[in-house]
**Q** 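Sharing a structure, written as structure tokens. Questions coming.
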Amino acid sequence: MQVSVDPSRCCSSGQCVLTVPEVFEQGDHDGLVRLRLAVLPPAQYAEARLASALYPGGAITVTEDDDGGA
Ligand code: SF4
């Protein structure tokens, strides 16, 4: 599974950061979403999927691998 963010689609609401602070953060100056980790640990896959589902503005994308696992 891969998680990516598109700051150009982020409105700096911070909801993803409040929901999954281990995965997302906001830029100090612009408040736009950033990933905290380059590679997401499997233990946080469910939280990343949740954030993508809860905040469907297109700023957070979760891509499942073909094998359905990591
Ligand atoms: S990615 Fe979405 S939920 Fe997170 S700060 Fe940006 S607009 Fe808000």
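Whatever order the structure lists ligands and atoms in, that order sets their numbers, starting from 1. Throughout, numbering of the chain's residues begins at 1 and tracks the sequence.
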**Q** Using a 4.0 Å cutoff against the non-hydrogen atoms of Ala59, which atoms of ligand 1 qualify?
**A** 1 (S)

**Q** In the protein, what heavy atom is nearest to atom 5 (S) of ligand 1, and what distance, to one decimal place, separates them?
**A** Gly14 N, 3.1 Å

**Q** For the residue pair Val33 and Cys16, establish whether any side-chain heavy-atom pair is separated by less than 4.5 Å.
**A** yes

**Q** Just so I know, are the side chains of Tyr45 and Val3 near enough to count as touching, which here means a heavy-atom distance under 4.5 Å?
**A** no

**Q** Inspect the surroundings of CZ in Arg34 and state if more than 12 heavy atoms from other residues, nucleotides or ligands are less than 6.0 Å away.
**A** yes

**Q** Using a strict cut-off of 4.0 Å, indicate which atoms of ligand 1 neighbour a heavy atom of Tyr55.
**A** 3 (S)

**Q** So that I can check it, does any N, O or S atom in Ser13 come closer than 2.8 Å to atom 8 (Fe) of ligand 1?
**A** yes

**Q** Calculate, to the nearest 0.5 Å, the distance between atoms OH and CD belonging to Tyr55 and Gln15 respectively.
**A** 5.0 Å

**Q** Flag the pair Arg36 and Glu25 as a salt bridge only when some basic side-chain nitrogen lies within less than 4.0 angstrom of an acidic carboxylate oxygen.
**A** yes

**Q** Number the atoms of ligand 1 from 1 as they appear, then name those within less than 4.0 Å of a heavy atom of Val33, with their elements.
**A** 1 (S)

**Q** If only atom types and distance count, is the side chain of Ser52 paired as donor or acceptor with the main-chain N or O of Ala48 below 3.5 Å?
**A** no

**Q** Could you tell me whether any N, O or S atom belonging to Cys11 is less than 2.8 Å from atom 6 (Fe) of ligand 1?
**A** no

**Q** Which residue holds the protein heavy atom closest to atom 6 (Fe) of ligand 1, what is that atom called, and what is the gap in Å?
**A** Cys10 SG, 2.3 Å

**Q** By number and element, which atoms of ligand 1 are closer than 4.0 Å to a non-hydrogen atom of Cys16?
**A** 1 (S), 3 (S), 4 (Fe), 5 (S)

